[in-house]
Structures are given as C-alpha cells and as structure tokens.
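Structure first, commentary second.
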2 protein chains.
Amino acid sequence: MASTKQRANTEAVYAQVRADVLGGVHRPGERLKFSALCERYGASVSVVREALSRLAEQGLVVSEPRIGFAVRAMTVDDLRDLTMTRIELETLALRKAIERGDVDWESQIVAAHHRLERTAMFTDDDAPPRVSDDWEVAHAAFHGSLLSGCDSPWLLGIATTLRDAAEFYRRWSQIVEPDRDACGEHRAILEAALARDADLATERLREHYQRTADIVERGLTEQDD
Amino acid sequence: MASTKQRANTEAVYAQVRADVLGGVHRPGERLKFSALCERYGASVSVVREALSRLAEQGLVVSEPRIGFAVRAMTVDDLRDLTMTRIELETLALRKAIERGDVDWESQIVAAHHRLERTAMFTDDDAPPRVSDDWEVAHAAFHGSLLSGCDSPWLLGIATTLRDAAEFYRRWSQIVEPDRDACGEHRAILEAALARDADLATERLREHYQRTADIVERGLTEQDD
DNA sequence: CAACGATGGATATTCGAATATTAGTTGATT
DNA sequence: AATCAACTAATATTCGAATATCCATCGTTG
C-alpha cells in the first residue's frame, strides 16, 4: 500500500508470491519473469529469486534451470495422485488426533468449525459468484485444526504442503455446486471426531476430499485449456 | 576438479552443501556462516544463500531471519516423530508398490539389493571403522527402489525428504552394532516383496526402521552432547 | 529449397559492494 | 557494583550492474 521505496524483505515477498500463486493471480503453467515480479513486489532480483526457489522446493512452482520459473501446471493425473496421497496422509493424522487429542484439541476444532459455519461462502459483490477469501482461510483453518491434535510436527508439515497444493487446484475450478452441502459435510466430520469414532470420521473425511476432487476434475476436463 | 575460477552454479553448490550436511561435514546445530561457506564452495553469497534457503525449506537446516542459518539440531522427540512418520508413509508406499508393481519393478529391486549385498559396509582404511559412502548410496537406492513401484510422485517425493532426514540422524550415531544382521533384514524384506506378501513385507520394513531408530536413539542419549 | 550458422534481443544467473541488523564491549551514570 | 547507553566488530541482507545463456530471426551456404 505505501508506495514509499522501502527495502523489501524476503519473508514478506515470499509470503506474497505464495499467496498470489495460491490465490490465482498467476495462472497455472504461466512463466514467472523476474522483471515483472520485481516490479510487482517492489523488490530486487535476489529476494524474488529466493522466494521462487523456496516455492519451487515445495512444488508450488517449477524451476527449469537457465530457463526460468513457472507456476505449476495442473493435470488430471497429478490431481488424482495428490488427492490419493492427501487422503491417506490425513486419514493417518486424523486417526492419531482422535486417539491422542485432549480437551484443548476438542475446543479448537469446535471453535474452528463455528467460525467456518458463520463465514459467508460466496462473495456477493462480484458479478460471478466466487468463493470468498475469508471462507478459504476459515476452511483451511478447520481442516488444519482437525489434524493438529496428532502431535506430530512431521505429519503436520507434510499435510500442510499437500493442502496448499490442493487449494491451488480448487481455486482454478470455482465451479459453483449449488446442490452440495459442504457445511453439512464439515459438521458430520466434526461430530464423528468429537465422538472419537475414528473409522467414521476418516471415512467422512475421505468422501469429503474425494467429492471435491471429482468436481475439480470435471471442471478441469471441461474447460480443457 | 579444475581449480580455475569458474562461475559456480547454484545447483552444484546446493547439492554439495546438502551432501555435506547429510555426510556429517557440518555438525548438528552448527551455525552456517556465509563467509565460511562462500570460501569453501567458491561461490558468492547469492548462490550460497539460495542453497541454504532451499535446504531450510525441506527442513535439513533451520533459518532464523536476520540471524543466520544453522544445521538442524537432533533431539530424541524429533527422531521418534520422524521414525513413526516414515514408517507409516513407507508402509503405505510399499503396499501400493507390491500391489501395482510390474516385472520392471521386480527387476529393479532385485538389482538394487544385489548391489547392496556386494558393497562393503565398512571402510577398512580408516582407523575407526566407519560406514562407507558407497554402502550409504547403495542402501538409499535399495530402499528407494522398493517404493518406486507405487507410481505416486507425491508419495515418493515425501518419502525422499523423510529418508534424507533419517540419514542425517544415522550418520551421527555410527555405533557399530556387530551383532546386527542388516544384510539378512534387507533380504527378508526383498523376499516378502517379491512374494507379494504386503503384510509381511511392511511388517519387516517397520521392524527394520524401528531397530535402526532404537540404535540411533541409544547413541544419542549416551553421547548426550 | 533446406539446413546450418551468425546476430541480437530478452532473460536468467552471478557477483561484489552497499546497507541493515545483531551481538558483544566499553564506558559512563546512578 | 550494577545498569544501561553508545560504540564497534561481525554478520546477514539487499541491491543493481556485469555476465552468461537461451531463443527467435535472418542471412548464408550447400
């Protein structure tokens, strides 16, 4: 916002580029040129390069040495692999969370779900109804809180990486599915988790993710750009 | 090899720093100063910085903004979490590999195992017997090949990250365990995989990793530095 | 006409100096 | 003697210019 020529710091630029890739500012497959990015983020090549190489390390952008960086491309195969891996991993984490989670964890997931339920899913100002940023944040927070009880930094770290990749896909297939009761699905997962029914909770989580992936895949093959 | 003042390229420096961290050149917890690294690798700060930030992204080194980088510290808690996560994940991958793997995969694991079996485990030139680099490479290749049949880039990528972290621990607790029959353990895993017995193979893999982790943990608490 | 090589513009990569930050030390004040 | 501020040395961070590489275009040669 401030147009003052302040020194940019890597962490901020990194976070912004990441948010922009996740948020759909840069299209999948699009090349990310230094000149353009430096201007956009008001930083020098060094800090932009560091941000991009970190993002490349986590797979959100790809790096072709001596050629440049580009936003990760989306393919059906990759989406399926990602979905499968994510389901398996989160199943594992959720199971542990249900087994180990204490009252603190229960409070957290109840709170996160409440916030999600009370956040409007769509923007009402934009002409084409779009999923609101607030909802995306609350949604990620709810799913994150579910796993947080598993008490395994490694598992949580991996799950976060996979969630980011999945969010990237979701953003680009904003097919409005009016029939779908996402709210009810979340509530059902929450209830099973609170009831400490690991089999039921993980099965509901699996269906939830699979359903989303199917919608995304349909959108992907239809537009087919 | 040529000591000529050629331009260093990031990829090479990254690979070398990574190998040195994994190989034990830099001690756990040790600070990584730019001046020293630039000299050691004959590169400028930019390329060293990029290498370190990528390594930080995958958790092998830690970054404290404005303070510097340091090699990841080792703790018993982290080791246990890592081991558990790795076992769960590789179990998943191995199960899929056994289910989906074709003759090509079978050939690969047989070949990798043969090489491992024929590689000397210890160096005979060094005064204190140390696990040889060749064996480390062959060992990583064997375990990698076991999972390679699972046909899931995401799963394989995560497994590689975890394997690197585990290797880091292993390097620093080179307790010679003369009684252990590592060779036999590998053969047993191979045989179960070839027999397509997923339950047996994953159980043997789990025991194999758990045994290693226990040894590492013992070394960790004993030296206690 | 096809294949190959040269040329120039666009772009990524690397460098080293300039700048900002931290941490340790000295010296002054209470 | 203890506390804190100012200074200094060590170090990380950022910048923009210099360099190397890629890619498309055009001309040359067989």
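Just the heavy atoms: all of them, side chains too, but no hydrogens, waters or symmetry mates, feed the values below. Every chain is numbered from 1 and lettered A, B, ... according to where its sequence line falls, protein lines coming before strand lines.
Annotation: side chain of B/Phe69 is in contact with side chain of B/Phe34 (closest heavy-atom distance under 4.5 Å). For the pair B/Leu82 and B/Leu162, the minimum side-chain heavy-atom distance is below 4.5 Å. At least one side-chain heavy atom of B/Trp172 sits less than 4.5 Å from a side-chain heavy atom of B/Arg27.
Using a cut-off of 4.0 Å between Lys/Arg side-chain N and Asp/Glu carboxylate O, A/Glu90 and A/Arg206 are scored as not salt-bridged.
At whole-Å resolution of the value, CD1 in A/Ile67 and C1' in D/dA20 are 13 Å apart. A straight line from CG of B/Leu37 to C1' of D/dA12 spans 12 Å, rounded to a whole angstrom. Distance, B/Asn9 CG to D/dT19 P: 19 Å, rounded to whole Å. For A/Glu64 and C/dT11, the CD to P distance is 16 Å, given to the nearest whole Å. Atom OH of A/Tyr14 and atom P of D/dT13 are 16 Å apart (whole Å). One interatomic measurement links the two molecules: CZ of B/Phe69 to P of D/dA12, which rounds to 9 Å at whole-angstrom precision. Taking atom CD of B/Glu11 as the reference point, atom P of C/dA12 lies 17 Å away to the nearest angstrom. Rounded to an integer number of Å, the gap from CZ of A/Phe34 to P of D/dC15 is 14 Å.
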Start with the C-alpha distance between B/Phe142 and B/His186, add both sets of side-chain angles, then the distance that settles side chain to side chain contact (heavy atoms under 4.5 Å, CB included), and finish with yes or no.
CA-CA 9 Å; B/Phe142 171 66; B/His186 290 135; 3.8 Å; yes
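Nearest-nucleotide mapping onto DNA chain D: of A/Ser46 and A/Pro65, the residue sitting toward the 5' end is A/Ser46.
Which of C/dA17, D/dT11, C/dA12 sits closest to the side chain of B/Lys33 comes down to D/dT11. The side chain of B/Val47 lies closest to C/dC15 when the candidates are D/dC15, D/dA20, C/dC15.
Here A/His113 and A/His139 keep their ring centres 6.0 angstrom or further from each other.
Proximity of B/Arg66 to the phosphate of D/dT14: a side-chain N or O atom is located under 4.0 Å from OP1 or OP2. A/Thr10 has a side-chain polar atom (N or O) that falls below the 4.0 Å cut-off from OP1 or OP2 of D/dT14. Within the 4.0 Å cut-off from OP1 or OP2 of D/dT11, not a single side-chain nitrogen or oxygen of B/Arg31 is found.
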Close N or O pairs between protein and nucleotides 5-8 of chain C (under 3.5 Å):
none

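Counting only residues at least two apart or in different chains, salt bridge (charged side-chain N to carboxylate O under 4.0 Å, His left out) contacts with residues 98-108 of chain A comprise A/Glu106-A/Arg196.
Counting any heavy atom pair closer than 4.0 Å across all strands shown, B/Leu32 reaches sugar-phosphate atoms only and no base atom.
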